[in-house]
Amino acid sequence: HVQLVESGGGLVQPGGSLRLSCAAFGSIFIINDMGWYRQGPGKERELVAVITSGFITKYADFVKDRFGISRDKAKKTVYLHMSSLRPEDTAVYYCNADVQTMSNPSRKLPYWGQGTQVTVSS
């Protein structure tokens, strides 16, 4: 069983910064891509950023030059560094990871965190 635990959300003023963290726990063999998605009020879930096991990153156009994704393989943790936050960034942010488990090492399976609320408001 694999669990992703997110932290770091909260209320921030426009123009402010936050750092989200997501740590993976469980019977993990390999973590492949890790990423962040978000779902705003009344909207569908959308990709924010992804980082591969080789540290290649990809961003949604709406967060380029404002957000940065990084990972610490030893800690099995992915981070989302958010700056210049806007009210439209308000959403629940979800962590995602493609994981090969000890019990099924040949298969990549997606896992999701429980979500962390980010609210950008004055």
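Here the structure is a predicted model, which means the values were calculated and not measured. Worth knowing before you read on, the calculation uses all heavy atoms, side chains too, and leaves out hydrogens, waters and symmetry mates.
Rounding to the nearest 0.5 Å places CG of Leu85 at 12.0 Å from OG of Ser121. Atom CZ of residue Arg71 and atom OG of residue Ser53 lie 6.0 Å apart, to the nearest 0.5 angstrom.
Remark: Glu88 engages no residue in a side chain to side chain donor-acceptor pair (under 3.5 Å) (not counting sequence neighbours). A search for salt bridge (Lys or Arg N to Asp or Glu O under 4.0 Å) contacts involving Arg66 returns Asp89, not counting sequence neighbours. Annotation: salt bridge (Lys or Arg N to Asp or Glu O under 4.0 Å) contacts of Asp61 (sequence neighbours excluded): Lys64. With sequence neighbours left out, the side chain to side chain contact (heavy atoms under 4.5 Å, CB included) criterion links Ile30 to Asn32, Gln100. Under the side chain to side chain contact (heavy atoms under 4.5 Å, CB included) criterion, Pro105 pairs with Phe29, not counting sequence neighbours. Applying the side chain to side chain donor-acceptor pair (under 3.5 Å) criterion to Lys43, with sequence neighbours excluded, gives no partner residue. Under the rule for a side chain to side chain donor-acceptor pair (under 3.5 Å), Arg19 has no partner lying at least two apart in sequence or in another chain. Evaluation of the side chain to side chain donor-acceptor pair (under 3.5 Å) rule for Gln117 yields Thr119 as partners, not counting sequence neighbours.
Side-chain contact between Phe25 and Lys76 is absent, with no heavy-atom pair separated by less than 4.5 Å. Between Pro110 and Asn96, the closest side-chain pair of non-hydrogen atoms falls below 4.5 Å. With a 4.5 Å cut-off on side-chain heavy atoms, Val12 and Val120 count as touching.
Under the 4.5 Å side-chain heavy-atom criterion for Ile, Leu, Val, Met, Phe, Trp and Tyr, Ile51 and Ile28 are members of the same hydrophobic cluster. Linking Ile, Leu, Val, Met, Phe, Trp and Tyr whenever their side-chain heavy atoms come within less than 4.5 Å leaves Leu47 and Leu20 in two separate clusters.
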**OP:** Determine, step by step, whether Ile31 and Val78 satisfy the side chain to side chain contact (heavy atoms under 4.5 Å, CB included) criterion, reporting the C-alpha distance in whole Å, the side-chain angles of both residues, the deciding distance to 0.1 Å, and the verdict.
**Re:** CA-CA 11 Å; Ile31 302 178; Val78 63; over 6 Å; no
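Residues Ala23 and Thr77 share a closest heavy-atom pair of CB-OG1, 3.6 Å. Asp33 and Val50 get closest at one heavy-atom pair: CB-CG2, 4.0 Å. For the pair Ser17 and Ser84, the tightest heavy-atom approach, listed with the atom from each and the gap, is OG-N, 4.5 Å. The shortest heavy-atom contact between Val63 and Arg38 is CG1-NH1, 4.4 Å.
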In a table with atom names and distances, give each donor-acceptor pair under 3.5 Å that connects a side chain of residues 2-9 to protein atoms at least two apart or in another chain.
| unit_1 | atom_1 | unit_2 | atom_2 | d |
| --- | --- | --- | --- | --- |
| Glu6 | OE1 | Gln114 | N | 3.3 |
| Glu6 | OE1 | Gly115 | N | 2.4 |
| Glu6 | OE2 | Cys95 | N | 2.5 |

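For residues 92-122, the pairs satisfying ring-ring contact (aromatic ring centres under 6.0 Å, His included) are Tyr37-Trp112, with sequence neighbours left out. Residue pairs meeting the ring-ring contact (aromatic ring centres under 6.0 Å, His included) criterion with at least one partner in residues 59-91, sequence neighbours excluded, do not occur; the list is empty.
When hydrophobic side chains of Ile, Leu, Val, Met, Phe, Trp and Tyr are connected at separations under 4.5 Å, Ile56 ends up as a singleton with no cluster partners.
The 12-atom threshold is not exceeded at NZ of Lys75, counting heavy atoms of other residues, nucleotides or ligands nearer than 6.0 Å.
Between the side chain of Lys58 and the main chain of Thr52, no donor-acceptor pair closer than 3.5 Å is present.
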